[in-house]
Amino acid sequence: YCEGWQEASGTSCECSCPLDLPSYRTLGENQVYNSSAGTLCRSCKTVKDQTGASVQLIMNDDNSDCVCPGGKAPENGICKISYCGKNVEGCTYNSETGLYRCNKETNDSKCQNGYIPICSTEELAAIGTDDNYPLDGCYLVMNDIAADGKIAPIGSSEASFKGVFDGGGHTISNYVVKSNLNKGYAGFFGYIYGAKILNLNIVYKDTLQGKRYVGGLAAYSGGSSVANCSVKGDISGNDIYTGGFVGYISGGTIENSYATGDVSGTTQVGGFVGYLKEGTIQNSYATGDVSGSSYAKGGFVGCNNKGEITNSYATGAVSGITQVGGFVGLQNSSGSIKNSYATGSVSAEGAVAGGFAGSNEGSAKIISSYAKGNVKGASGVGGFAGSNAATIENSYSTGSASATGSIAGGFVGNNSSGIITNCYSTGKATAEATAGGFVGINKSGNINHSYGAQSGSLNSGKSGSSFVAGTGTSAGTKTSDSTNV
């Protein structure tokens, strides 16, 4: 208990440590006065920091003990002090917290008091676990960091990260997340809500693994903004919502960001995002291969429910069971994708596979986009979309569409109540039965100003349909200038 105390300079009194706190009061910095004896008794002494430099201990809040700047007790007589920000213009030292604060021009009201600098693995690990590194704080990475050891995700579903994290354009490499494979929320950030993440690059040492909600940057993002960030490394989840960049998004924005690792999971898996409930993504891309069991696998996004995606692309190969797409596995509700493309091959063990979209449903729209990969599946296979019950405009596909069973189309496998306008395909469609040069089956759908460059063919070697192979129980419509050429 007395390790941090020393006799005050100029006194020769002999007194014990201040156990009887009411009889002592503070007298000047780092000194205690014995009111019963009327003498200045003891003060906090000077110790060493981890570098060997001298550090003056300070009294804690109730004057009962001497502690290091920042409030922690010395460890074996040594204070571990963060000098991140030292000798950096705009950074000033706070002796009470033992931390520097750095100024940076910002319009964010959260950060008007400056940023807490991050220089090391220890400081990263302190976020959310040390009172001086709060989850609603503003952080600025000062240099590239080669991570040492496993680090727990920042933020959780019980206590989300709500602050600002500016990577400063630096890279945090060799990163290993300390995660429980039986629980969710694995990522650099476990759970962010109303946060701002920018200018950050993350390179994983090993495959990031988790159960549900797994993402290279963040497992879960709610109402947050992310810009100019990247993730390099493979990602693996063994349940729902796995993404190379973010596992699950509910609102917010992402722009100018990318992910390059391979991604595997069970349901709703994407090279960039696993599940996009709401929010916008623009000017972003994913290059890794995507694989897994169950449904909704996409080179960029597994499932887009109500989100808006523009000016983005995916280049990886995608494989799964059903609803497998080069860009999006399943798009439904009011999801929207514009000015985007996919170039990877697509393979489905079951039904519904497309070079761009596995399935496009509800009031969703795909506009001014294209696919170049070859597509294989059991049935419902299309060069652009396996199944369309929504809207596709001003788009095209160049890859082949091959079904081991029935229904394949050069552009769409099954167009059920869908609207296709100003679109074309150049790849060949083949199937055991019902192969159309442009659409396999057009059931109650509308096709306008569109064409297929090749006629469909059957696996038996017989010719399929030049434009639409079948109409199901209710034939759709097409304009006179929609045809095979």
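Sequence positions, counted from 1, serve as the residue numbers for this chain.
D148 is linked by a side-chain contact (heavy atoms from CB on, under 4.5 Å) to T121, counting only residues two or more places apart in sequence or in another chain. Scanning for ring-ring contact (aromatic ring centres under 6.0 Å, His included) contacts around Y258 gives Y285, with sequence neighbours left out. Looking at residues two or more places apart in sequence or on another chain, you find a salt bridge (charged side-chain N to carboxylate O under 4.0 Å, His left out) between K80 and E75. Every residue meeting the ring-ring contact (aromatic ring centres under 6.0 Å, His included) condition with Y185, not counting sequence neighbours, appears here in chain and number order: Y191, Y213. In terms of the salt bridge (charged side-chain N to carboxylate O under 4.0 Å, His left out) criterion, residue partners of K104 (sequence neighbours excluded) are, by chain and number, D166. Annotation: salt bridge (charged side-chain N to carboxylate O under 4.0 Å, His left out) contacts of K72 (sequence neighbours excluded): D130.
Pairs of residues two or more places apart, or lying in two chains, that qualify as salt bridge (charged side-chain N to carboxylate O under 4.0 Å, His left out) and include a residue from residues 220-240 are R212-D239. Residue pairs satisfying the side chain to side chain donor-acceptor pair (under 3.5 Å) criterion with at least one member in residues 335-344, sequence neighbours excluded, are absent. The ring pair (Phe, Tyr, Trp, His ring centres under 6.0 Å) analysis of residues 137-156, with sequence neighbours excluded, yields no pairs. Pairs of residues two or more places apart, or lying in two chains, never qualify as salt bridge (charged side-chain N to carboxylate O under 4.0 Å, His left out) while including a residue from residues 294-312. Among residue pairs with one or both ends in residues 142-170, those qualifying as ring pair (Phe, Tyr, Trp, His ring centres under 6.0 Å) are F161-F189, F165-F188, F165-F189; sequence neighbours excluded. Listed by first then second residue, pairs satisfying disulfide bond (SG atoms under 2.5 Å apart) with a partner in residues 138-211 read C111-C138, not counting sequence neighbours.
Between G187 and P153, the shortest heavy-atom contact is O-CB, 3.3 Å.
Counted by atom type alone, T267 and S294 present one or more donor-acceptor pairs between their side chains at under 3.5 Å. N304 and Q331 are linked by a side-chain donor-acceptor pair at a separation below 3.5 angstrom, with hydrogens and angles left out of the test.
Between F384 and C423, the closest side-chain pair of non-hydrogen atoms is not below 4.5 Å.
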